[in-house]
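Notes for the one structure printed next.
When a residue number appears, it is its place in the shown sequence, counting from 1. All of these numbers come straight from a predicted model, not from anything done at the bench.
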Amino acid sequence: MGKAYSYPLLVGFEETNIPSLEAKLLQYFHSEKSAGGNCKIEYENGSSTAIVHFRREEDQKNVLGKESHQISLEKSVLKLSEFLFDKDNTKSVEKIKRKHSIKSEEARVHRFSVLERFRRSFHGNQSLKLPVDSAILRYLAQNKSAADTICSEMEKHFCIVNLGQTTVTLSPVDSLLKQKDAKTIKKEWTDTVKSAFEQSVSKFKSVKLNPVSHAWKESEKKISEMLLNENVIVVPDKDRGALSVAGPVSDVNRLEQSLYEIINKIHREKSSKTEEIKVSPSVFHLLCQDGLMDELILVYPELKMSPESPNLKITGLGEEINVATKVIFDAVLALIRQNLEIDKNVLELLKDEQQEELTDALLTSHQINAAFEISGNRVQLLAVSDRDLSHAQDHLGQLLTSQYIHVEDSNVLKKPEWQQLVSHLEQANSKPCRTRINTTAQQVVVSGYKDSVIKVQQQLGVFLTQNAHIEETVVVKANAVVKYLKHFNTSWMEKVKDKVRVSYRNEAICLSGSRVNVTHCKTVVESAVSAVVFDSLNVCVSGVKKLFQENEVLYVSAIKTKTGCLVQLVDNTRQVQDNAVQDMVAAFTQEFGNHGVTHSQQALPPKAQPSVFQPTESDLYLYHVQTNEGLDIVLKKGEIEFSMTEAIVNTVAPDFNLNSGAVSKAILRAAGPKLQQLINAQGPTGKVGEIIVTEGCQLKSKTVFHTIAPHWDNGHGRSKECLQGIFIDCLDMAENNNLTSISLPAIGTGNLCFPTTVVASLMLDKILEFSKKRRPKHLKEVDIVLYPADTQCIQDFSEEFKKFPSASGDSSSTKGGTFSKLTSTSDMHETKMGNVTIQVVTGDINKETTDIIVKAYNETLSFKSEAHGDSGRAAEIYSSGAKSNPGMIMAQPGNLKCKKILHVVGDCGDCHPVKINKIVKDALEMCLKSSYTSVSFPAIGTGQGNVNARLVADAMLDAMIDMLSQNASSPLTKIRIVIFRKAMLKDFHGSMEQRAATDPNPKDKGQGTWGGIDIGKVQGRFTGGNTKKTNKEKDCTTEGQKADATCFHICGATQADVDLAKKLLFQEPETTTIEDKVIGKFCDADHQKLDDMKKTMGISIKIENSKVKLTIEGLSSDVLKANSEISMMLSRKRDAIPEQWEPMPANTTSQAFAVQARTSEYDEILKLFQASCNGTVTKIERIQNPVLWNHLQIKKRDLELRNGQQDNERRLFHGTSEDTVAAINDRGFNRSYAGKNAALYGNGTYFAVNASYSASDTYSKPNQNGEKFMYVCRVLTGDFTLGQKGMVTPPAKKPGSTDLYDSVVDNLANPTMFVVFHDTQAYPEYLITFK
């Protein structure tokens, strides 16, 4: 029964065949009659005992304290005896049995004495009176046949029956005395009669019903209605509150249950009530899960309980309700309670929730038998058992959570978009419980259902991150690039407008705004920067700086107009101090003399460049050979354990102990102890030539071939053959396992004593043999890795590689062409490998703005290393990267501008190129795994390590090539090497140049050209054209008398533009003057034309106050072109010819010129046509007829004089047929054709205001191709009046006057048609062909 019902009693009773005995016991001990309480019954059918388990000890004691217990049955009473129940209950049971046995005997003796007294009484009387149920007697009185039957039966026993109201009198008949054995019969008569009568009456039965007094009438009515057609009678006894039903046993038995049901139903309907008790639905559900409701229903089947928040409704009889209420309250008090232990923010969320909804959503729906109880600031869990409580606590701990988001920029929280997002997310994530978002200035806390919280936290985190205000800097090569993007190429600004704030700093463009906008716009700016072609030009010629400064506005304007480029003079003092520039100037001076020009984009060769087949100690890649089958064979220096090929070969001792031998020990150290376990698990035999294959464990190679190589036998045995077999077997196994690359050490050298020359020859021969025979499909590269300190081995293998005609030697040949062409400035060298820009710059690494800054320290993490500064002290160290890359620690940036600092911890004072190469590879690997886009390295080892700068450069650049080759689609876009000492820049430049792509069409580098410019011509511009020097002049040139270098920065959109800008930079300015009276007649359009020339040519045009003199200043070519165009303008002005007219062949009177589509001229005419006509224009032609044009101008001036106004001309339309076009073009309009189409307003030439009118087939007749023709005309309409049919001239303006109107119209108020009567008043300006 559990701990809840811990107080038992053993109950005994006499009768055991009582229906529903268990329910009756439960009902009794639940009721106040027993003085008991909430309990459970343990009873077995047929048993004479039951165990009652009470919830409270008090109830148990109350029951024991009561003198007697009995249960009222329908016809009898069931007496009970009770005893305390012990674990060994046999004594209690025996005691009850003994007590019941004695009582049974007493009852039997009692019944015997009663019968004896009855007999004695009977023998003393002649008649016998027997009590009979009054209801049965009433039935017999009303049912004569039933009574007659009894009488007939009794007559057989010499008895007369007299039925009274409550008794029956049995009297002997006189005939009894006449019987032979009368004495005997008389003696037995009483017993016989009584027995016979009882048997007769037993065929009838009555049932007494006890309806409640206030339901008496209704009960009687219902019972009577029910028994209306039954063979029974209803006997009401209102005084006693009883209704009896009597009749034959079979009928009464059949109706008995229904009768009780009706009485009970009426009783329940009249007596039932509903009460509410303060028990929440969730707690009630909890109790029901524990079986409480089943127990109550078992006792009170009619009891109704319905949980309705916040209370529980109970419907039933008063006693039932009282018992049920007591039981339920006892059960509630017995529940175990515990304060909920959970995150405080979750707790605050739960306090504001409805406990019923919470219980249902978070507990009940998950089959957790517990409930919430929320009161004020307290949240508790309720459960029946400790186990359920613990289960609920664990469940809620997993289901509910809080997530904390750091607020990078508190201003984001003030944005309306943030408030809207918070509101939306809280509403959208309110099930199964509400999600609460609480914000402070420094953090946002999301609390609620775990799945919802994680989703909301991600969305809020993205919003906060993307909208945080940040500043990003795009570093450029020079301030000229900044100025160019700010004032010249501004197209990028539209893309960032209204998104970020752009500011300009020294050699940088700064973007500030939300991260999402800054990130996007930074890409836009970087794209714009990368699209700028930047060049610097160093000129060692006296007077260049002064010349440019005196004419800077002119040069800048002209070059901008011609090329779109920006030219900027650089501070000369700074340039002189730049050692790198001085070196380049010196190199070109040596080649061309003191008047040379240097170009910083062309990198100079290093001072000491090794021969192609003489590798230096710094080279990691020595030689490269490719077989005819495409197999690459690479000879390199390095340590085999750091190889990045898919497989490596390891030479081991016969016992396969990896701690024996230098190579195997190094591989074990890098791979970890698991490698030895994998070998041992395969049970190697230890035979020479055996190969064991294992995984690479912690190596960068995924597979290791472990082999036992033979000792050298001086060529007298089979050791050479065995070694050859090992080479072939390793290559075969690599191919068979679908591996693409394998690294082999110099197997057999060292302790095995094979000569390196023999091993080199054997290894190469077998690799070539394998390639030729197998033609491998998978294996593409075989690396031979030699230990860097073994100089003899390196030399012997190199000599062997030199035997191949196709072999390419040293690091430049192996890596050559990997980088793109170098671009250089005084303090930076730049190249690209794929999408990654690699820069070597001078500066302070602490000022870098890349994502990652790499810093190298000694074992004690000292911050004294060269070029590191003190900013690193502000970095908060953490070891997230130390697990995958020992010796590397990622840290927060502190006050630096990067995202993270990568500390390389190790003995940097003992660096060598191989170690530096590995450091760079590991650092790049960490950057790639974390998806960083940019990283800055120091020149590792050049400080405390004191390693030669060239060796460091080679090692670092080769590491970058290796990593970028294996990660072609990496997120990296920029790698910078920041050099503290500027002198090292040359070493890195030389290393980069060796790895850079060579020009497939190299130019003669010793010639006098630079970027396509003839240096002789440039020199001549500043030296009067004399580029040759006499021997004497040369002898007079002394060291240190070089002219100061003048540096120009040039930015443009294309290299061609930049090259052209260089040419224009050395053109001297020129001035010319034009004097002409026509200048004074220039109109606004003419002045606009001059302004356009100034903008497009970059020249200056000044008109003096006299307006007859015009001065042009600019570069000579521009001045010449402007002079020509202005002279043509003056000529046309004299002849009044339109500016857009094109030159006509000699002896031509008229000509039609096609107008180019999408020009302003074309669009203007097309717009006029389409204003009223939707025809499809196929061609527009300009009609040039100088004679007709001059006639129009003369007539126009005449009208201006006569009318005293300038507004005499209109553009109108005239439709015509194809056969008249040539005549109109050559002769103009002829009014003699008037009336050909219509002449309603006079016999003149008609022109329409709208093109749609002239487009009618009546006027514009289609040709056989469906093409139609219409003129746009200049018509001198002047003063006009209403026209009339038959007019041959316009009417006079006044009667009797010779001053006539100039034209007539169809409607004075709103004319749509004009008619002119003089052919010179109209000019066919444009011909439109349309459909």
Exercise for the section: Verify the distance criterion only: is there a donor paired with an acceptor across the side chains of Lys522 and Asn517 at less than 3.5 Å? Expected result: no
Handout entry: Residue list, side-chain hydrogen bond (donor to acceptor under 3.5 Å, both in side chains) with Asp498, at least two apart or on another chain
Key = none
Exercise for the section: Report, as yes or no, whether the 6.0 Å neighbourhood of atom CG on Asp1091 holds more than 12 heavy atoms from other residues, nucleotides or ligands. Expected result: yes
Handout entry: Pair Lys560-Leu566, side chain to side chain contact (heavy atoms under 4.5 Å, CB included): steps then yes or no
Key = CA-CA 6 Å; Lys560 177 182 178 181; Leu566 166 71; over 6 Å; no
Exercise for the section: Assess the side chains of Thr473 and Thr849: does a donor N or O sit below 3.5 Å from an acceptor N or O? Expected result: no
Exercise for the section: Scan residues 468-491 for pairs that pass ring pair (Phe, Tyr, Trp, His ring centres under 6.0 Å), counting only residues two or more places apart or in two chains. Expected result: Tyr484-Phe488
Practice task
Check salt bridge (charged side-chain N to carboxylate O under 4.0 Å, His left out) between Arg505 and all other residues, then give those that pass, not counting sequence neighbours.
Solution key: Glu471
Problem - Asp962 and Gln966 side chains, donor-acceptor separation under 3.5 Å - result: no
Problem - Distance, nearest 0.5 Å, that separates OG1 of Thr837 from CD of Glu526 - result: 9.0 Å
Handout entry: Between Ser536 and His1049: side-chain donor-acceptor atoms closer than 3.5 Å
Key = no
Exercise for the section: Classify the angle between the aromatic ring planes of Tyr555 and Phe548 as parallel (below 30°), tilted (30 to 60°) or perpendicular (above 60°). Expected result: parallel
Handout entry: Side chains of Asp851 and Thr933, donor plus acceptor under 3.5 Å
Key = yes
Exercise for the section: Would you kindly say whether Asn506 and Asn479 are connected by a side-chain donor-acceptor distance under 3.5 Å? Expected result: yes
